[in-house]
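Just below is one structure, and these are the notes that go with it.
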Number of protein chains: 2
Amino acid sequence: MPIRNTETSRVRNIPLFRGANDSAFAMALSGAFLQRFPAGTTLLMEGDSVDFLYILLEGAVELGASWKSKDTTLAIIRPISTFILAAVVLDSDALMSASTLERSEILMVPGESLRRAMKSDANFCFAVSEELAGCYRGLVRSVKNHKLRDSTERLANYLLTQRARQGGKDTILLPHEKRVLASLLGMTPENLSRAFAKLSAQGVSVDGVQVQLGKIPALERLARPSPLIDNHYAQPKNELGESHIERGKGLLDGVAAL
Amino acid sequence: MPIRNTETSRVRNIPLFRGANDSAFAMALSGAFLQRFPAGTTLLMEGDSVDFLYILLEGAVELGASWKSKDTTLAIIRPISTFILAAVVLDSDALMSASTLERSEILMVPGESLRRAMKSDANFCFAVSEELAGCYRGLVRSVKNHKLRDSTERLANYLLTQRARQGGKDTILLPHEKRVLASLLGMTPENLSRAFAKLSAQGVSVDGVQVQLGKIPALERLARPSPLIDNHYAQPKNELGESHIERGKGLLDGVAAL
DNA sequence: ACTCTCGCTTGATCAAAATCAAGCGTGTGC
DNA sequence: GCACACGCTTGATTTTGATCAAGCGAGAGT
């Protein structure tokens, strides 16, 4: 599908492109096209060579990986976010697979165009570096979350993060199927159920996708959220790893991953 | 300590600076200085603001993190490598602490100089992006390693990676104390001992820092190393996460982390 | 030589999480 | 309406890893 004005203007204002000069922006998007995918479509498999930067405009995309018949979710991307940037910059193979969780609308930007634009405009290139640095730090948070907390603590922090993103109200909606959430949090669906059960002591009660957080102080006492692991303060756009994303200093639209 | 010619020329050739033009290189290193630290020195704590890019010229540095009285090692840096780059690019706080494992020699480059240099030279800026992308992908490998493998499998892969880096001989030397190794692999020292014991079935025998790998095929059958997780093919310079680092396409000197 | 310390190992116990196996409830298709 | 599939839960069991508690052995300081 040819790229239209509506799309370019939407994308022009994300942090990645905002500081680019017009000619670099045009160069980056030369050859870009818009594509729609139904839910459950595999966009990319681990090991595939990566020819495009993906920019998710609508929908949701799961980044995952597998080994020896196990698999896991590494991140869930929400609009407007890029993914697979690192592989594009290095012109190398994908380390994660990507598939749509919902019907999605994706802008596909040729990697070669993007790299040329970076080399032609230091400000744009700097924005790419900021973006990558933010992704890196999101992953650092994710590793810390996994190595330092047990599964109940991860869930408790996930709930508090969602609360902050969904406006601070005491009842939140789970944005994904529980099995996807379990995989993102690094546990089995069975254990996710049990972790929810444990958190009833902290006033958490689940009804389908709705979760009531009855006793926030108790939940916080258990979760002990930390700005060095959790990203409560970011805008409610992305969920990377256990849902932490970060933008250059005081920012703004989330843009994430790979 | 003032920076001398020997140091600038050593650093000039790492991938990060190789493509920079002379004026950007000079700008980046303006205000840089060399510092020596004894083993066990804390260079940076989590949450500290980061004013310098660190370039490790000699020694070894551990990057770690802690939460609720637990702590863990996220990476071990070997020369010549940078660390804390992402925080410098974003001019933000450290997400990891850094401390020397051995007496170390570190070139400290002011963050502001580095950012100015990036904005003045798109090629240098591109190299920074490549560096960050490599760090990012190293962390992705690390997350996969932790979420998909159990501790014995992680150890088995670690041993095979070390073998590849130490020249492919069937006896390798552990480069760190076992307690550090355990923390890097995400387990307790007790469990590291037991994991070694389990691997005796695969021909692994330990004597102090020396490890004999008796039955490589059996070990590989258990470890199932994968180019999408392990970085056997990189140069033997770095150990990030479980020891995977990656450089832009066909590269070279390792440079890593944060 | 002799303790002392320290890093590592070993064993016993405990806690956390994965796995196996039903069951339950809702929604779909026939 | 009825059967079926599917996502989720619950319980029982096993496996994995953490914790607690000794012990062992090499090296450092006296």
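Quantities reported herein were computed from a predicted structural model and do not represent experimental measurements. In what follows, chains carry the letters A, B, and so on, assigned in the order in which the sequence lines appear, proteins first and then strands, with residues in each chain numbered from 1. Quick note: numbers below take in every heavy atom, side chains included, and nothing from hydrogens, waters or symmetry partners.
As a whole-Å value, the separation of B:Met187 CE from C:dA16 C1' is 17 Å. Taking atom CZ of B:Arg179 as the reference point, atom P of C:dC6 lies 12 Å away to the nearest angstrom. Nucleotide C:dG7 holds its C1' atom 14 Å from the CZ atom of B:Phe196, rounded to whole Å. Atom CG in A:Asp207 sits roughly 10 Å away from atom P in D:dT9 (whole-Å rounding). Here C:dC8 presents its P atom at 12 Å from NE2 of B:His176, a figure rounded to the nearest Å. The interatomic distance linking B:Arg149 (CZ) with D:dG17 (C1') rounds to 18 Å, in whole Å. Rounded to an integer number of Å, the gap from B:Lys147 NZ to C:dA17 P is 14 Å. Rounded to an integer number of Å, the gap from CG of B:Asn191 to C1' of C:dC14 is 13 Å.
Each of D:dT19, C:dA18, D:dG17 was ranked by its minimum atom distance to the side chain of B:Asp150; first place goes to D:dG17. Looking at the side chain of A:Ser193, the nearest of the listed nucleotides C:dA18, D:dA18, D:dT9 is D:dT9.
One N or O on the side chain of A:Arg154 and one on the backbone of A:Leu185 form a donor-acceptor pair closer than 3.5 Å. The main-chain N or O of A:Ala60 is never found under 3.5 Å from a side-chain atom of A:Arg78 such that the two would form a donor-acceptor pair.
Between the side chain of B:Arg194 and the base of D:dT19 there is at least one donor-acceptor pair of N/O atoms closer than 3.5 Å. Taking only distance into account, the side chain of A:Glu190 meets the base of C:dC20 through a donor-acceptor pair shorter than 3.5 Å.
For the pair B:Glu153 and A:Lys70, the salt-bridge criterion is not met [side-chain N within less than 4.0 Å of a carboxylate O]. By the 4.0 Å N-to-carboxylate-O rule, A:Asp230 lies too far from A:Arg141 to be salt-bridged with it.
In terms of phosphate contacts, B:Lys178 brings a side-chain nitrogen or oxygen within less than 4.0 Å of OP1 or OP2 of C:dT9.
Heavy atoms of A:Thr188 sit under 4.0 angstrom from at least one base atom.
Aromatic pair A:Phe33/A:Phe52: centroids less than 6.0 angstrom apart.
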